[in-house]
Number of protein chains: 2
Amino acid sequence: MTTATTPFLEALRQIVGDAHVLTEGDLSAWEQDWRKRVPGKALAVVRPGSTAEVAAVVKACAAAGTAIVPQGGNTGLVVGSTPDRSGTEVLLSLTRLNAVRGLDAGNLTMTVEAGCILQTLQDTADKAGLLFPLSLAAEGSCTIGGNLAANAGGTQVVRYGNARELCLGLEVVTAQGEVWDGLSGLRKDNTGYDLRDLFVGSEGTLGIITAATLKLYPQPAASLTAWAAVPSLEQAVALLGLAHKQLGAGLTGFEVMGQFALGLVGKHMPQLRVPFLGDDTAPYCVLLENADSESEDHARQRFEQMLEIAFEQGLVGDAVVAENIAQARQLWHIRESIPLAQAEEGLNVKHDVSIPVSRIPEFVAATDALLQREIPGVRLVNFGHLGDGNLHYNVQAPAEGDARAFLHDHEHAINAMVYRSVAAFDGSFSAEHGVGALKVEELEEYKSPVALGMMRAIKRALDPQNILNPGRVLRAAGATPVAHSA
Amino acid sequence: MTTATTPFLEALRQIVGDAHVLTEGDLSAWEQDWRKRVPGKALAVVRPGSTAEVAAVVKACAAAGTAIVPQGGNTGLVVGSTPDRSGTEVLLSLTRLNAVRGLDAGNLTMTVEAGCILQTLQDTADKAGLLFPLSLAAEGSCTIGGNLAANAGGTQVVRYGNARELCLGLEVVTAQGEVWDGLSGLRKDNTGYDLRDLFVGSEGTLGIITAATLKLYPQPAASLTAWAAVPSLEQAVALLGLAHKQLGAGLTGFEVMGQFALGLVGKHMPQLRVPFLGDDTAPYCVLLENADSESEDHARQRFEQMLEIAFEQGLVGDAVVAENIAQARQLWHIRESIPLAQAEEGLNVKHDVSIPVSRIPEFVAATDALLQREIPGVRLVNFGHLGDGNLHYNVQAPAEGDARAFLHDHEHAINAMVYRSVAAFDGSFSAEHGVGALKVEELEEYKSPVALGMMRAIKRALDPQNILNPGRVLRAAGATPVAHSA
């Protein structure tokens, strides 16, 4: 078998070396999305080793009019970083750009390349006695470039913000193959438009992030985790307010989990010993994390004091504070096992929505009632980052019957009902996962025409050839979506 | 005297009412910039009373091809919100849009109109038992719309970020006179490009901010202020690192002041009783603020513990912690009086620069030496928000001689030396004041051509007629600047 070649592929090989232009063999690690829903086919997988090589590849693609799909760890959930089926798109993998260019402890920053694995960066900060707080389920394989391109969220947003808030500067290769050196360790810089935040969250459609300067924080002296049974979502929201007031910036995590979601963990992973499982007086449980700059004793005292007030106010029925790090990890592990438990239970429809925190109880009550009325037998798996108003409001097929047929018949209707309800409560149909190819139609339906018009104008201004991740986030009028959400 | 009129002015009067289109009398409150350096002349001062009226005014201006200069409290320092001298620009004052549309304590947000005075918003939050932390010298007269358009900084940035970080959503009138309702109380929303942060800091050149949804925080239980004498800037930076580590998010303010700056306060405002004034072993003093979610006792104990460590490490020579709010206010008052003391002393050249915190000592040493060598007699007034790497590195004319002649001869050279040094240390020539009309040439000189190219493309995409604050931030190639910095 000979290696496919064309003058264009030869040009790419000249830039990155033969070994880094892949056209043969099993390329599914790059061509298929994380959830394996949409197989793609790339013209080539190209793996540049430096920013200059990324720029040269983009210039070659621009000259040839070839579309580029940038990819980091390929852990995204909205089919935003895999090629379509056409075999005409270049898959540009950033994973070889994985150097930590520098860490400036005095400035509380580090400058890193896009292909660095998130966990590696957490470790790098840790070794310097500092904290890089971005944390999410895929941290062992996702890359910081992807995190920034998708504005990743995760479990520490209530205190530290999303990936956007953790980024001070970027290096970006433009659609013309120019390099913008916007790497800045500055906390204040009002010199023109905020290009940084425009690229963050643009999902590779406006430019290719090749490096970033990130914020670091002092490590807390202690971090404690508690698990509390709450009588209702209203009380969970009130508990959040109390925790904000009592713990201030010490509150670093606030997760909520419905009993049905926890029941799936109990059923499929009984070894995890879910606290308050099956407690009828606790339709929801919350997981709280309190970080303290003083000491573990102080953290514990503050936490117990807060929970005592919560108990007196009837906001929690019962609660446990983890005695040690192993116990804390176990509690987080339960929370993080919900998606896997859901998968064990069978097919389901996932949502990643956000609602103003104060309206969440009303939203859930209304949407639960609507779905139960319209689609008999649905089972609601509700959990998420309540501190940020972010719910993974998922829908499991009925316990009995053909789940595949159920999804085929109802997924589209379920999505429409959930997203319309979200919109009615001033929420977002995609809180932290982004748009990718999967939610292009939702963007068109739920975003205001004024906002869409401005986004399209910006896309045309920065990528007039439409070669960067085309069809993702925005598509040309009338174009077929690269992938559908239902 | 008859009132000037044209069909265009008549159209404006139809929209906002006769009383709110001003063309006669003393309009200097709108036409002249805050520092009274650049008198302007408007075609008319137009004062719409609602977002719909703003939109209608913009449509009328777009139809007539008339430039619009949006203005809030007119407290900006870079001549970004006053008309040029041509008499052809409409000055659009947003001050009548001053409603607080709502406060959602459960969501920790409030939605307010652009013309609300910053202090009014601080008070509104306070009355609800919450904190809106944006705080700066002009808070009694600046508006939140201006704060957002300029991405204001101030004294609490080390903990809460700039105006950008305090904003969750915007309502904006576009250059076409459309209304974008991007008011969102969501902490996570990944549905397309970050238009919000593009408008924040764009100084009225991309759209007109008419309302915003802002983040609120729980009020701290106590907030304490300390004043410490430090032996050098190196030690001030080390003290900042220690304060971050010991106080965590409790550290809400960290200001630095050179002895010469403090000496001017001591000389012109002797009643303020500056601590450690004239202490040769304390070339710098720092002002620290520690907010605590627990209690005043706890705040004091933590603060004193931190200062004790700092003393042991030789980072501070001496320190006082304010005993009560009156003392704390007095310390802040000293810090805030430096600009006025400078003005009393005579003419001076102001800079608002930022540098990575870790490089500040080296930057100051190098730049001090350069200026003292090149321009004999210069006196350096150095103070600022060290916690954010933001220095107001100002230059006072020599004590003897004609200050006006000195500025005439040297201002341009001083600016060039300071800004080149800033660039050499990877800093920014405008940390929190913006670009306006005053620093357009600096933007062209110090920003990368790639960044400038993208900014111009975005400006053309969103305001193709170039009617929104034209010539501010960016100017057409070859156009004369509206105002110069020197």
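Only the side chain of A:Lys447 comes within less than 4.5 Å of a heavy atom in chain B; its backbone stays farther off. Proximity to chain B (any heavy atom under 4.5 Å) is shown, for A:Gln305, by neither the backbone nor the side chain. There is no contact between B:Arg456 and chain A, counting heavy-atom distances below 4.5 Å. Heavy atoms of A:Glu432 lying under 4.5 Å from chain B belong to its backbone as well as its side chain. Contact annotation for B:Asp426: only backbone heavy atoms (N, CA, C, O) come within less than 4.5 Å of a heavy atom of chain A. When heavy atoms are compared at a cutoff of 4.5 Å, B:Val435 approaches chain A by way of both its backbone and its side chain. Contacts between A:Tyr446 and chain B at a heavy-atom distance below 4.5 Å are absent for every atom of the residue. For a residue to count as touching a neighbouring chain, one of its non-hydrogen atoms must lie under 4.5 Å from one of that chain's; by this rule B:Ala150 touches chain A with the backbone only. In this structure, the portions of B:Thr191 lying under 4.5 Å from any heavy atom of chain A include both its backbone and its side chain. With a 4.5 angstrom heavy-atom cutoff, B:Asn162 touches chain A only via side-chain atoms. With a 4.5 angstrom heavy-atom cutoff, A:Val179 touches chain B only via backbone atoms. For a residue to count as touching a neighbouring chain, one of its non-hydrogen atoms must lie under 4.5 Å from one of that chain's; by this rule B:Leu247 touches chain A with the backbone only. When heavy atoms are compared at a cutoff of 4.5 Å, B:Tyr217 does not approach chain A at all. Neither the backbone nor the side chain of B:Gln176 comes within contact range of chain A; no heavy atoms are under 4.5 Å apart. Heavy atoms of A:Asp104 lying under 4.5 Å from chain B belong exclusively to its side chain. When heavy atoms are compared at a cutoff of 4.5 Å, A:Ala105 does not approach chain B at all. Residue contact with chain B, scored on non-hydrogen atoms closer than 4.5 Å, involves the backbone of A:Ile355 exclusively. For B:Asn390, the part lying near chain A is the side chain, with the backbone staying farther off; criterion is any non-hydrogen pair under 4.5 Å. Interface remark: A:Ser448 contributes side-chain atoms only to the contact with chain B (heavy atom separation under 4.5 Å). If you measure heavy-atom distances from A:Arg302 to chain B, the contacts under 4.5 Å come from the side chain alone. Residue B:Ser202 touches chain A through both its backbone and its side chain, counting heavy-atom pairs closer than 4.5 Å.
The candidate from A:Gly192, A:Gly241, A:Pro220 with the greatest count of non-hydrogen atom pairs under 4.5 Å with chain B is A:Gly192. With respect to chain B, the highest number of heavy-atom pairs below 4.5 Å among A:Arg460, A:Glu203, A:Gln219 belongs to A:Gln219.
At a threshold of 4.5 Å between non-hydrogen side-chain atoms, the residues A:His385 and B:Lys188 count as touching.
Atom OG1 of A:Thr174 is separated from atom CE of B:Met454 by 6.5 Å, given to the nearest 0.5 angstrom. If you take CD on A:Glu165 and CZ on B:Arg164, they are separated by 11.0 Å, rounding to the nearest 0.5 Å.
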